[in-house]
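What follows is a short report on a single structure.
Atoms considered below: every heavy atom in the structure, side chains included; atoms not considered: hydrogens, waters and symmetry mates. The structure presented is a predicted model; accordingly, all values stated were derived computationally and were not measured. If you read the sequence from its start, that first residue is 1, and numbering goes on from there.
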Amino acid sequence: MDNGDKCPVTGKRKYDTEGEALSTAAHQISTNDAPKQLRAYVCTYCDAWHLTKGEGKSEKKRKGR
């Protein structure tokens with residue numbers, strides 16, 4: 001997948017694999033003013049991996065939200 005590709009719904013960059021997304025997250029955290037917590041998830045719209053600084057649904061439930 002070309003990293004220039006973006007999800008037509010969310011506008012987020014697409015990654016082929018979770019590893020590719022997490023590698024990018026690690027690089028961004030170490031070199032930019034990126035949030036210290038980035039996680040990868042599979043997009044329900046385009047089936048590609050994206051990065052987000054937000055919590056996943058399971059993390060929110062555990063915190064009682």
Side-chain angles (χ1 to χ4, degrees):
M1 186 174 303
D2 178 356
N3 274 351
D5 287 345
K6 303 236 175 163
C7 175
V9 177
T10 66
K12 291 187 175 187
R13 181 171 292 211
K14 295 178 179 181
Y15 299 96
D16 284 327
T17 65
E18 181 181 25
E20 183 183 358
L22 292 174
S23 176
T24 299
H27 178 74
Q28 287 180 359
I29 289 168
S30 69
T31 61
N32 295 331
D33 194 20
K36 295 300 178 195
Q37 294 291 327
L38 288 174
R39 69 175 187 84
Y41 70 96
V42 175
C43 179
T44 56
Y45 300 110
C46 68
D47 294 322
W49 287 88
H50 297 314
L51 292 174
T52 186
K53 61 184 175 189
E55 295 177 335
K57 292 177 183 172
S58 60
E59 287 97 354
K60 288 180 182 177
K61 285 182 181 177
R62 277 186 248 147
K63 290 183 177 181
R65 292 186 184 164

When rounded to the nearest 0.5 angstrom, what distance separates [atom1] in [X] from [atom2] in [Y]?
{"X": "Arg39", "Y": "Glu18", "atom1": "CZ", "atom2": "CD", "value": "10.5 Å"}
{"X": "Lys53", "Y": "Leu38", "atom1": "NZ", "atom2": "CG", "value": "9.0 Å"}
{"X": "Lys6", "Y": "Cys46", "atom1": "NZ", "atom2": "SG", "value": "12.0 Å"}

(message) Could you report the tightest heavy-atom contact between Glu20 and Asp16, atom names first, then the distance?
(response)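 For Glu20 versus Asp16, the nearest heavy atoms are OE1-N, 3.0 Å.
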(message) Just so I know, are the side chains of Thr52 and Lys12 near enough to count as touching, which here means a heavy-atom distance under 4.5 Å?
(response)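 They are in contact (side-chain heavy atoms under 4.5 Å apart), so the answer is yes.
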(request) Check step by step if ring-ring contact (aromatic ring centres under 6.0 Å, His included) holds for Tyr15 and His50. (result) CA-CA 6 Å; Tyr15 299 96; His50 297 314; 7.7 Å; no
(message) Quick one: does any side-chain atom of Ser23 pair with a main-chain N or O of Gly19 as donor and acceptor, under 3.5 Å?
(response)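 Not confirmed, Ser23 side chain does not pair with Gly19 backbone.
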(request) Taking Thr10 for its side chain and Cys7 for its backbone only, find out whether a donor-acceptor pair lies under 3.5 Å. (result)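 Answer holds: no.
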(message) Could you see if Leu51 belongs to whatever hydrophobic cluster contains Trp49? Use Ile, Leu, Val, Met, Phe, Trp, Tyr and a side-chain cutoff under 4.5 Å.
(response)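 The answer is yes; both residues are in one hydrophobic cluster.
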(message) If you count every heavy atom of other residues, nucleotides or ligands that lies below 6.0 Å from Gln37 atom CD, does the total exceed 12?
(response)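 No - once you tally the heavy atoms of other residues, nucleotides and ligands closer than 6.0 Å, there are 12 at most.
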